[in-house]
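Inspection log for the structure reproduced underneath, given as structure tokens.
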Amino acid sequence: MKSNELRTSFLEFFKDKDHTIVPSMSLIPRDDPSLLFTSAGCVQFKPLWTGSVPLPYKRATSVQKCFRTSDLDNVGKTRRHHTFFEMLGNFSFGDYFKEDAILWAWEYLLEVLGIDPTRLSVSVYKDDDEAYDIWHKKIGLKKERIFRFGDEDNFWGPAGNSGPCGPCSEIFFDLGEKYSCGKKTCVPGCDCDRYPEIWNLVFPQFNQTVAGERLPLKNRGVDTGMGFERLAAVLQNKDSVFQTDLFYPIIEDIIKHKNLKYGEDRRIDVAINVMADHVRALVFAIGDGIIPSNEERGYVLRRILRRAVRLCRNLAINDPFLYRFVPRVIDMYKPAYADLVERREEITLIIKSEEEGFLATLEKGLHQFDEICKTRNSISGEQAFKLYDTYGFPIELIQEIAKEKGISVDEKGFMAMLEQAREISKAEAKFIPKGEWTILNDENGTFIGYDKVSVETKIIKFNAHEKIIEIVLKESPFYAEAGGQVGDQGEIVGEGFKLDVKDTYWHQGMIVCHCKLAQGKFTPGKVVAEVDLRKRKESARAHTATHLLHAALRKTLGEHARQEGSFVEPGRFRFDFTHFKPLSNDEINVIENIVNEKVLDNIPVEKFNTTLDEAKRLGAMAIFGEKYGDKVRVVKVNDFSIELCAGIHLDNTGQIGLFKIISQEAAAAGIRRVEAVVGLRLFEALRKSVSTIKELSQILGTDKDLIKKAYDFQERLKELEKLHRETSVQLARIKANELVRKLKKEKSKIIAQQFDKYSPDAIRLTADFIREDTKNCIGILYQEINGKLNYLIFVGQNLVKKRPANKLIKDVSKILGGGGGGRPHMAEGGGGDPKKVAEAIDFLKNKIE
RNA sequence: GGGGCCGUAGCUCAGUUGGGAGAGCGCUUGACUGGCAGUCAAGAGGUCACGGGUUCAAAUCCCGUCGGCUCCA
């Protein structure tokens with residue numbers, strides 16, 4: 001069965017059993033900060049089991065995009081590990097339980113897929129007799145094909161650090177003797193390749209807290225996950241996932257490009273597998289809006305890409321290479337993930353430029369490498385770590401190159417330093433209250449902030465740790481960070497205490513206020529919650545302005561200028577959009593004009609809830625990679641701008657006040673970022689710049705052509721500086737001649753001369769000239785500035801060894817009460833007392849005679 | 001969120017314990033010259049990222065900001 005058919009057959013099977021087909025969530029998990037990536041099919045459903053949101057359906061089925069890097073080192077080497085994969089799942093929330101889950105799984109495998117039941121065996125949790133009996137009595141599976149395992153294997157979850165978990169039952173497929181590790185202990189569940197686990201049926205019945213406690217789950221149910229790629233390998237009768245139609249077309253492309261042979265040299269096979277896996281993962285991750293970067297998700301992406309590039313090097317590929325296979329991946333996945341198609345060029349470009357970036361980094365690292373090799377023939381742990389940590393040189397590559405050059409690497413020392421760095425990083429990580437959530441009322445807070453900014457309500461959940469307290473309110477006027485708009489700030493006042501709300505965010509369907517205790521002692525109960533209205537207003541100005549900007553960009557630049565992300569805070573915002581070149585000044589002017597026209601037209605901003613279909617019919621813009629429910633909120637300004645958006649907006653565009661773009665830059669390849677300010681903040685900035693210009697015109701003595709005037713001044717200054725330099729040289733020459741003549745006439749060996757109003761440069765030059773003319777003298781040239789003495793001591797070439805100037809100046813400075821230093825032929829000092837000059841000169845006279 | 005490194009001429013970079021802002025390439029001009037980066041000479045080009053501090057003196061030391069690279073969480 002082709003994999004594209006397999007997907008549909010699964011969804012159709014469960015649809016027939018009254019399941020709602022739910023689309024895959026983005027690889028970026030929404031409102032779950034404990035997870036970096038969507039790592040399983042159940043992630044998007046977590047709040048449905050805990051009951052923190054109302055149930056939209058009781059049964060669901062999905063094919064979920066997933067991303068895991070926990071086994072990164074194994075990817076490509078084994079027949080079943082990969083970073084990106086899809087998971088087939090069926091889910092029940094307070095509805096059917098073990099029996100139906102098991103019977104349907106069996107039915108699907110046997111009757112739809114036609115799998116030979118004699119090749120299947122199962123496991124259950126050690127004391128889960130209920131599941132055991134269903135397999136044994138209802139299905140009729142023989143006892144020797146049912147295994148009981150403990151917590152390690154048959155208790156699942158939670159995904160992330162808290163949430164639903166429970167016992168599970170796994171289904172294994174027997175590939176046959178030849179894949180076995182041969183040990184006597186080789187039974188289903190063995191680590192070797194013989195019995196891949198194809199389906200895991202989880203029965204979530206507990207809600208594990210952050211602290212590790214397991215509470216009964218409100219909507220206990222079923223959560224199953226079947227590895228799509230593994231299943232495809234079984235059905236297509238392939239040795240490994242890389243030979244299925246989910247990978248092989250990519251592999252074919254790779255070997256065609258470089259005339260490689262697949263299946264002959266394991267080392268080459270592994271490299272090709274890794275490349276195929278990683279490029280597929282990159283396409284999906286970037287498709288969901290993650291961009292390679294130096295932090296968080298983006299960093300994981302960067303690491304994956306670099307791992308692949310490094311393996312390219314092993315195949316003697318030294319140019320950007322991976323990006324070539326993006327079209328193939330997208331082509332393969334088009335039937336199930338059509339939205340990738342329109343992002344093809346962008347994804348290709350991002351991967352290509354990241355590859356180029358890494359190749360440049362490697363170039364720099366190689367330079368460092370050579371520097372080290374110049375001086376010694378081994379690399380210490382510290383040096384290896386520096387190459388790795390500062391120059392981004394993968395340790396594997398350090399070893400490879402060292403091997404080529406025949407030098408050793410202190411791997412133990414390297415690992416020790418890496419471990420140390422990890423510890424430091426962990427220890428300093430951001431403080432999140434580790435305390436326990438106290439649940440006073442097991443209902444969900446509701447957001448009422450669209451209409452109200454102040455409300456009397458009560459605390460229903462809280463998590464306090466010293467002065468940091470996280471709070472869930474029954475009714476929250478605080479907007480939680482979403483859609484790029486920062487969370488509201490404000491205060492919560494209760495009996496005998498006051499809390500400052502520093503931030504508000506979503507956590508598993510709850511609106512959480514991150515607070516700091518400002519006054520009194522915290523006790524839960526009735527409170528008055530009030531949003532900081534001034535900040536809220538300024539945020540709303542900025543947010544409504546992003547919508548106008550978005551529309552103006554599309555109108556000016558074309559339909560491709562689509563929003564990629566935004567960051568909205570009081571009075572200003574950043575807006576990222578797809579566009580391939582910088583905006584010209586003309587374009588910026590046009591865009592600003594359009595937005596400001598809409599502001600001046602004072603158009604009402606309509607906000608209403610509707611269905612997703614209706615919103616689409618209206619032509620609403622949605623942000624790519626965002627997931628929307630069936631009910632959506634639409635924000636509409638005439639026909640000019642219609643967007644899906646849950647953010648806080650103004651009542652009419654006039655409240656924006658004024659709009660101005662203040663900067664633009666590249667956010668990533670193919671993505672431009674503009675920053676703009678609005679409202680009061682913009683007004684403040686304008687006021688400041690007007691007064692700056694006013695002051696400037698006063699200084700420059702003109703109120704027009706300021707720029708030309710400034711250039712003129714600059715030009716004039718340069719001329720004068722040049723003239724001054726030339727004069728200084730001549731003056732120094734004259735002065736030097738004079739002093740040398742005097743020296744010779746007096747047959748003295750010391751020159752002491754006051755040089756007031758000379759520049760340090762001129763004094764130095766004079767000393768240079770004197771040193772050219774006479775080799776046997778010591779000189780001190782000094783000047784008085786602000787009642788203190790600056791001085792320069794020089795020593796003739798023949799005396800440099802015997803009486804180095806930098807030593808003399810230490811002693812002279814002691815006499816004068818200042819400080820100084822320099823080089824043997826010339827030294828400078830300062831801060832001395834002018835009255836003691838004579839004493840210093842006497843000292844020098846003594847030194848030379 | 002926490003570290004490391006970096007920011008100096010158009011480009012690639014050097015700049016010792018704080019004490020004259022440099023090299024190579026490129027550019028301009030002139031002379032010489034039959035090649036492969038031709039040779040020689042002269043010249044232009046710098047807010048040493050920015051803002052504070054320490055100091056008689058900061059490209060150099062300290063603090064902060066911005067930007068780039070990089071490692072970890």
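All values below were derived from every heavy atom in this structure, side-chain atoms included, with hydrogens, water molecules and symmetry-related copies excluded. Just so we're clear, the structure is a prediction, and the values are computed from it rather than from any experiment. Below, chains carry the letters A, B, ... as their sequence lines are ordered, and counting in each starts from 1.
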Per A:Arg302 side chain, nearest of listed nucleotides B:rC71, B:rU70, B:rG20: B:rU70
d(CE, A:Met415; C1', B:rC71) in whole Å: 13 Å
Polar pair under 3.5 Å, donor/acceptor by atom type, side chain A:Asn806, base B:rG19: no
Toward the 5' end of RNA chain B, by each residue's nearest nucleotide, A:Asp761 or A:Phe393: A:Asp761
Ring centroid separation A:Tyr791 to A:Tyr782 under 6.0 Å: no
Any N/O pairs under 3.5 Å between the protein and nucleotides 53-57 of chain B? List them or say none.
unit_1 : atom_1 : unit_2   : atom_2 : d
B:rC56 : O4'    : A:Gly831 : N      : 3.3
B:rC56 : O2     : A:Gly830 : N      : 3.3
B:rC56 : N3     : A:Gly819 : O      : 3.1
B:rC56 : N4     : A:Gly819 : O      : 3.3
B:rC56 : N4     : A:Gly820 : N      : 3.1

Length of the CZ-P vector between A:Arg823 and B:rG18, whole Å: 13 Å
No-hydrogen, no-angle side-chain donor-acceptor test under 3.5 Å, A:Gln783 and A:Gln754: no
Separation of atom CD1 in A:Ile809 from atom C1' in B:rU17, rounded to whole Å: 16 Å
Gap between atom CD1 of A:Ile770 and atom CG of A:Leu765 - 0.5 Å precision: 11.0 Å
A:Leu808 side chain near A:Lys847 side chain, heavy-atom distance below 4.5 Å: yes
C1' atoms of B:rC11 and B:rC27, separation to the nearest Å: 12 Å
Base-pairing mate for B:rA73 - Watson-Crick or G-U, with both contacts under 3.5 Å: none
Atom-to-atom span, NE2 of A:His514 to C1' of B:rG1 - whole angstrom: 13 Å
Distance in angstrom units between A:Lys810 NZ and B:rU17 P, rounded: 14 Å
Paired nucleotide for B:rG64 [Watson-Crick or G-U wobble; both distances under 3.5 Å]: B:rC50
Interatomic spacing from NZ in A:Lys352 to OH in A:Tyr323 - rounded to 0.5 Å: 4.5 Å
A:Phe794 six-ring centre to A:Arg771 NZ/CZ under 6.0 Å and within 45° of normal: no
A:Ile815 to A:Lys836 - nearest heavy-atom pair and separation: O-CD, 3.3 Å
Using atom names, set out every protein N or O paired with an N or O of nucleotides 4-6 of chain B below 3.5 Å, distance rounded to 0.1 Å.
unit_1 : atom_1 : unit_2   : atom_2 : d
B:rG4  : O2'    : A:Thr390 : OG1    : 3.2
B:rG4  : N2     : A:Thr390 : O      : 3.4

Base-pairing assignment for B:rG10 (Watson-Crick or G-U wobble, both under 3.5 Å): B:rC25
Pairing partner (Watson-Crick or G-U wobble, both distances under 3.5 angstrom) of B:rU16: none
Rounded distance (Å) that lies between atom P of B:rC71 and atom CD1 of A:Ile398: 11 Å
Pairwise C1' distance, B:rG24 and B:rC71 [rounded to whole Å]: 33 Å
Nearest-Å distance once atom P is located in both B:rG19 and B:rC13: 24 Å
A:Val409 vs A:Lys403, side-chain contact (heavy atoms from CB on, under 4.5 Å): CA-CA, chis, key distance, verdict: CA-CA 9 Å; A:Val409 180; A:Lys403 206 171 165 188; over 6 Å; no
Whether A:Tyr388 and A:Phe414 hold their rings parallel, tilted or perpendicular, with breakpoints at 30° and 60°: perpendicular
For B:rU39, the Watson-Crick or wobble partner whose two distances fall under 3.5 Å: B:rA31
Residue-phosphate contact under 4.0 Å: A:Arg306 side-chain N/O, B:rC69 OP1/OP2: no
Nearest-Å distance once atom P is located in both B:rG43 and B:rG35: 27 Å
Separation of the C1' atoms in B:rC40 and B:rG20, to the nearest angstrom: 28 Å
A:Glu411 CD: over 12 foreign heavy atoms closer than 6.0 Å: no
C1' spacing across the pair B:rU17 / B:rG64, given as an integer number of angstrom: 26 Å
P-based separation of B:rU8 from B:rC69 [nearest Å]: 15 Å
Spacing of A:Leu792 atom CG relative to B:rG19 atom C1', expressed in whole Å: 9 Å
Worked check of side-chain hydrogen bond (donor to acceptor under 3.5 Å, both in side chains) between A:Thr766 and A:Tyr758: CA-CA 10 Å; A:Thr766 309; A:Tyr758 276 60; over 6 Å; no
Nearest-angstrom distance, P atom, B:rG4 to B:rC62: 12 Å
Between B:rC71 (P) and A:Ile395 (CD1): distance, integer Å: 13 Å
